[in-house]
Amino acid sequence: MAMLDYGPDAVLMKGLDGSNWRLKDYEARAGYQALKKILKDGIKPEDVIAEVKKSALRGRGGAGFPTGLKWSFMPRTLPGAKYLVCNSDEGEPGTYKDRDILRYNPHMLIEGMIIGAYAMGIPVGYNYIHGEIWAEYERFEEALEEARAAGYLGDKILGSEFSFQLHAFHGYGAYICGEETALLESLEGKKGQPRFKPPFPASFGLYGKPTTINNTETFCAVPYIIREGGDAFLNLGKPNNGGTKLFSVSGHVNKPGNYEVKLGTPFAKLLEMAGGMRGGKKLKAVIPGGSSMPVIKGELMMTVDMDYDSIAKAGSMLGSGAVIVMDEDTCMVKAAERLAYFYFEESCGQCTPCREGTGWLYRIIHRIEHGEGRSEDLDLLLNLSDQIQGRTICALGDAAAMPVRAFVKNFREEFEYHIANKRCLVAPGGYSSPVQHEPLAMAAE
Amino acid sequence: MNMLSSAAKTKIDREVAKYPVDQKQSAVMSALAIAQDEHGSLPNELIDEIAGYLGMPSIAVYEVATFYNMYNLKPMGKCKITVCTNLPCALSGGVDAAEYLKAKLGVDWKETTADGKFTLVEGECMGACGDAPVLLVNNKRMCSFMSKPKLDQLIEELK
Amino acid sequence: MINLEIDGKTVQVDNGATVMEAASKLGIFVPHFCYHKKLSIAANCRMCLVQVEKAPKPLPACATPATEGMKVQTASEYAKTAQKGVMEFLLINHPLDCPICDQGGECQLQDLAVGYGGSASRYQEEKRVVVNKNLGPLISTDMTRCIHCTRCVRFGQEVAGVMELGQIGRGEHSEILAFVGKTVDSELSGNVIDLCPVGALTSKPFRYSARTWELSRRKSVSPHDGFGANLIVQVKQDRVMRVLPLENEAVNECWISDKDRFSYEALNSSERLTKPMVKKNGAWAEAEWPEALQAVANGLKSVKDKHGADAIGAMASPHQTLEELYLLNKLVRSLGSKHIDTRLRQADTHADGKQAGARWLGMKIADISALQSVLIVGSTLRKDHPLLANRFRQAAKKGLAINLIHCAGDELLMKVANCAIVRPSAMANTLAAVVKALAEIKGVALSADVAGIAAGAVVNETAHAIAASLAAKEKVAIFLGNTAQNHPHYTALHVLAQEVARLSGATLGFLGEAANSVGAAVIGAEPGADGLCAQDMVRSPRKAYVLFGAEPELDCHDPVTTRVALKQAEFVVAMSAFQTTAPEYADVILPIAPFTETAGTFVNTEGRVQSFNGVVKPLGEARPAWKVLRVLGNLLQLDGFEQDNVEAIRAEIAPDLNAFVATRLDNGIVGAEVEIPVVGAGIERIGEAPIYATDMLVRRAPSLQKTTDAKNARIAFIAKDVFTKANLLEGGEVRIHMGSGSTTVVAKCDERLPAGCVRIAAAIRETVELGPMFGALTVEKVSIAAAAE
Ligand SMILES: Cc1cc2nc3c(=O)[nH]c(=O)nc-3n(C[C@H](O)[C@H](O)[C@H](O)COP(=O)(O)O)c2cc1C
Ligand code: SF4
Ligand code: FES
């Protein structure tokens, strides 16, 4: 069975071959030892949180919020219902790492959630899984059954006084449900329309009860942190950017796929791991953190390290760790148009600037792409982006505005060429010529 | 109005059991999915019945059914094929795959082939961008790296 | 308390208050659409974005909690830019069809667009078009104008208690609608018209009938149920065009019921009486007022001379004004008769003379919100008292335990703690069981007058649960609804309710049936101990009748007996605003003015005295009833009919009306003997006045008559057992026999009715022949063939 190649630095996704996802395999990879250690040595919940704080683990869902700090917000000792929610609604274009976790290493997530529940005194949890990945949902349900049968999950875990029930929830096609409060609404059986914050989930979450939400990959880091210690994890990365991170590389590279690298690894190295540019073409642009983040020019990107702070300094964000690579033949207008269309289609429709603004943005870029652009369009696009960003209930508004602004700002001449000449600056097709490939990773399937 | 089979009801009850007793509504999305698997789409009577079954106002269930992309409010072909054309996929042949299917099946987005076998739908990011081109058959079966030969194979198989 | 600063002014607000609330406390207007003080916060329109010191982005005032030391700018450049941006987005897909929009002139979008909208639109793309929906006979839609504030949706979920409207779809494609094929049937539905900040939801009856700026606004009071909702009546060229709520936090808050809102249609109906009519040797002829009035005077005088004043009886509608009823009462009594009544639907009047005073709510309407547990006996709450029901609904959300004893298990759209649904004849015994249980719980002895009935009562689980619920709380109350008041065992129910109150420390209250039920009682337009009640006036027929604003066959408990009595009388005068069946039995018909065409006063169920002026001139030759009665008094040479305006009449009733009314309110009942009711064995009728059949106005309001409620009134709802036994078909026809009469109507099976019951409305033409509102009846399937004949 060929090994899945997540790169030499991999610690979380090490030793996976695509079929060794079951409980026994996970245990063979030191699985559930962190949990056992906690329960055996009676490590106190506050100490677990302290360890997570020490690790400088930051949320892998997009916002990069310090996880230990978030966990400390949970009123741990407050009696009554509390909930732990995992966000596996991976829908940020370019991101496909959580899917690998769910199908190749589901128990790592389960253990991470159990530890989180223990640390925050939470009795019930749910994992909200993206609608389009049914097979992964079924596999996760199977893994849950294994964990229950083995006594890791349910009442009096491993004979201790600690109980935790965990269930899987299957979404059905709405990007917005990745936003944590929309996810909660959806989990309550409603439309996925984000809530205004405050109040925050930590005080008013699922069913109005205190709730902690983390991304799949975030939870997965926890067993390692407990097993090897917060410092060990921190030292994998760099200060304030602890640990390794899964990057989903897509687009014009030879080996698209997930690569687990130490935070702070140069982009150039990551690109090399992904097999370099497809067909040896020149790198034109990179969206380093998922479609919601500003696009960066290739030359600049080659100088950036893959960690929260470095990417921020370069004018974008690490976001969900989705690296969308575009070569010289890609039409920036067409790329921007497709993303604008996505946010227009996915706006929940609740608040005015997003509901009305995303459609407006898309229609303008669509016109430009189809040779009906006007000279005033570009400034209008920038101004509308300002009118949307920061004025909406949730960050989808920002997510729709930031890419548009970045595309126009970084590639203005290409947009102007489109408007002036009513056609593309680059080769016809616009998305560049794809090459069919089937990376090693998939041989396992 | 009893379109829901007892098998479907058993499945729904299993979902209901995941949530606090006073939160049956949390199972509405699975209930709709289960019903759709059985009937291919969600006619109003079915939505009404689910509302009754979970003790929700019909309009509240309808809100949910119309908010999420993967519910079919109108009848679909035997196989609904959803192709992701979002940017990352497009960069690796997502759109080419879609165009190939349109030509092969002779339909455009949201259209069903004359023989009622296939309906083609444009999808958004499925969280599988690395496997592009990716498509979904009837919401549940994901097909990866859909090169033209593999598309031909798939259509053959589903015919 | 929190101190903050808005636009340089400091203000103090309670913890948890929002910036919006703080601003309005300072009288600072922050533009908004989705925010409404009576609805939950949605924060979706984003129009209320303001600048908050240290905040990285503009924040919505409606949803942002005020914090200590906060500094807010609502109109700074920064705030204005944000607000203008939102306004631009709101307008890009809005049709801007103001010239043909009913909302024109009172449109919040239009108003704000003036201040915040740009001149030329930068939006050059295609505009959204949304197909209209049919929401029923009352609400008209133009959904392209919708700005997605979801006020209408939240109103349904939070106030009406039923989610009839929803926002479906997503993003730009989302629309507001009702579930396919359903209409909006809530009895409070019209309020969404007021809530809609644009012209997406407008009044169907009002549609295109006037431009809002042509309308003058005049205050008035609802003439329907006992709630006394305050109204704004809008008038154009002496014609009532529209009715809106007049905000009064203590009474109707900012709501009115659909009845209050749409009944005005009747005012302009062709059924209005506009000329006096006199029957001359068998033939009807229009007459001038003097002639008609003289005819009345002669008619009454001759009956009095021949048979004595005792042969004269007056039946008046409790929807007439205080002043009118006062003069009528004075007239009848000055003639020497004691027979006057306004409780036309009340069957059981044993207790007359034993009631301590006028029956009222027993508390202020607003006090309902403070209650912890209530028992409501014999009330079709939502339909009989739509806005009172809302008060209970809001209280129930805050933990009020609702307990019910009734003969129909209607959906109240609020959480019900315990309910006993029993056949009408078993209601008193059920209440007795609660009394018994209470006595046991409290370990107190029963008072003598209920000992008998309580002794026989069987305490079941529900009865005990209800008793326990009342016993457990401090602020408790027991209310008797319309069904209880019109019930053949009313006295028993009243005495038992009083005992419940005594045992549990509850307040005893009545849910007033009509706009002026309390007023009528207060000025004594009731027979008291020695006069005849409406029932007895027809059971032992009089020689002359004065019908005042009443439609006897629809307003009386037993139409059949009533009609017989009227037909045998020597002289009948009918004073009414509308044509009725009076020509069949009357001798003189006088057109009197409805509430919009005369000044007057209603005393609502909480004893609130609410006076109002006429808003339009009387139609045709109709005249305010108080003037008619005054002249009549003069023609009859009676003393004390010199008042030349309603103020004079009011002053005569009492120098201080409020104080006077207050002294007359008392729900006590003393020394009424209670016979133990026998629970019927056969099939029983549940007869009520349906929501859109209660009074002359609603009966003639076309749009209200098109509602689902009005349609349901024409259906016999039949208990499962009866339905099956008679093997009826759902929606098939059934013949219902009662006494000597019968009628054929559509049958529907109602699982929520107690066994052996048929719920078939009173107060509608179709069921006049059946007679009394309660009693034994039989059902018979109408074969398709028979129906065809
Ligand atoms: C429009 C939108 C989409 C999002 N999608 C996701 C997602 O797919 N997965 C995810 O984990 N977080 C997503 N987030 C971020 C979540 O709201 C939340 O911050 C995150 O799940 C918290 O987990 P973390 O602290 O572990 O990152 C999204 C946020 C927004 C505004
Ligand atoms: S920003 Fe967009 S997605 Fe977020 S709440 Fe507003 S409308 Fe919905
Ligand atoms: S963009 Fe197509 S699956 Fe991610």
Side-chain angles (χ1 to χ4, degrees), chain A residues 173-177 181-182 190-199 341-367 372-374 376-377 379-381 383-398 400-401, chain C residues 16 18 33-34 40-50 55-60 62-65 67 78-79 81-94 109 121-128 146-150 153 157 163 166-176:
Chain A
Y175 165 66
I176 190 59
C177 290
T181 57
K190 309 182 196 142
K191 292 179 293 182
Q193 292 191 321
R195 300 173 182 170
F196 178 81
K197 297 160 274 302
Y341 178 76
F342 171 71
Y343 292 104
F344 164 54
E345 274 301 307
E346 297 296 333
S347 163
C348 89
Q350 192 179 194
C351 53
T352 307
C354 174
R355 180 187 62 244
E356 308 293 341
T358 51
W360 196 351
L361 289 177
Y362 163 66
R363 289 184 175 95
I364 295 173
I365 303 177
H366 181 79
R367 268 199 293 100
E372 294 157 26
R374 310 191 187 98
E376 65 274 21
D377 281 342
D379 292 335
L380 183 54
L381 282 173
N383 177 259
L384 292 178
S385 304
D386 296 343
Q387 284 192 28
I388 297 170
Q389 192 168 349
R391 306 200 181 157
T392 52
I393 289 178
C394 84
L396 187 136
D398 306 359
Chain C
T18 62
F33 294 108
C34 69
S40 64
I41 295 167
N44 59 25
C45 78
R46 316 307 284 178
M47 191 63 207
C48 68
L49 290 172
V50 295
K57 50 185 188 175
L59 299 176
C62 72
T64 305
T67 55
Y78 184 82
T81 318
Q83 293 158 3
K84 289 196 161 114
V86 171
M87 177 53 80
E88 178 177 37
F89 284 133
L90 280 171
L91 292 177
I92 61 173
N93 275 307
H94 192 77
L109 188 64
S121 173
R122 297 192 290 172
Y123 187 73
Q124 305 296 331
E125 325 301 322
E126 205 173 306
K127 275 185 183 257
R128 168 175 60 225
C146 172
I147 57 166
H148 304 83
C149 68
T150 67
V153 179
Q157 294 170 304
M163 186 180 180
Q167 184 182 32
I168 66 139
R170 195 164 83 190
E172 196 186 88
H173 316 294
S174 54
E175 355 176 338
I176 300 288

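In what follows, chains carry the letters A, B, and so on, assigned in the order in which the sequence lines appear, proteins first and then strands, with residues in each chain numbered from 1.
- Summarising the geometry of I393(A) relative to A43(C), their closest heavy-atom pair is CD1-O, 3.3 Å, with the distance given to 0.1 Å.
- For the atom pair CD1 (I364(A)) and CD (E125(C)), the distance works out to 5.5 Å, reported to the nearest 0.5 Å.
- With respect to R363(A) and E172(C), a salt bridge is recorded, a charged nitrogen being found less than 4.0 Å from a carboxylate O.
- Using a 4.5 Å cut-off between heavy atoms, N383(A) touches chain C through its side chain atoms alone.
- Under a 3.5 Å cut-off, the side chain of R46(C) and the backbone N or O of T392(A) do form a donor-acceptor pair.
- When heavy atoms are compared at a cutoff of 4.5 Å, L384(A) approaches chain C by way of both its backbone and its side chain.
- To the nearest 0.5 Å, atoms CD (E345(A)) and CZ (R170(C)) are separated by 7.0 Å.
- Contact annotation for K191(A): only side-chain heavy atoms (C-beta onward) come within less than 4.5 Å of a heavy atom of chain C.
- Heavy-atom distances place the side chain of P65(C), and not its backbone, under 4.5 Å from chain A.
- Contact annotation for L90(C): both backbone and side-chain heavy atoms come within less than 4.5 Å of a heavy atom of chain A.
- Of all the listed residues (A42(C), A63(C), C34(C)), the one sharing the greatest number of non-hydrogen pairs under 4.5 Å with chain A is A63(C).
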Please report the C-alpha distance between F89(C) and R391(A) in whole Å, then the side-chain angles of each, then the deciding distance to 0.1 Å, and finally whether the side-chain contact (heavy atoms from CB on, under 4.5 Å) criterion is met. CA-CA 12 Å; F89(C) 284 133; R391(A) 306 200 181 157; over 6 Å; no
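- For the atom pair OH of Y123(C) and CG of L380(A), the computed distance is 11.0 Å after rounding to the nearest 0.5 Å.
- Ranked by non-hydrogen atom pairs under 4.5 Å with chain C, the options G359(A), P198(A), C354(A), C351(A) are led by C351(A).
- Of the inter-residue distances, the one linking I41(C) atom CD1 with F196(A) atom CZ reads 9.0 Å to the nearest 0.5 angstrom.
- Annotation: the span from R122(C) atom CZ to E376(A) atom CD amounts to 10.5 Å, rounded to 0.5 Å.
- Contact annotation for L59(C): neither backbone nor side-chain heavy atoms come within less than 4.5 Å of a heavy atom of chain A.
- With a threshold of 4.5 angstrom between heavy atoms, R374(A) approaches chain C through side-chain atoms but not through N, CA, C or O.
- When the candidates E126(C), K57(C), Q124(C), E88(C) are compared by the number of heavy-atom contacts under 4.5 Å with chain A, E88(C) comes out ahead.
- For the pair H94(C)/E356(A), no side-chain contact is recorded, criterion being any heavy-atom separation below 4.5 Å from C-beta on.
- With rounding to the nearest 0.5 Å, the separation of CD in Q167(C) from SG in C348(A) is 8.0 Å.
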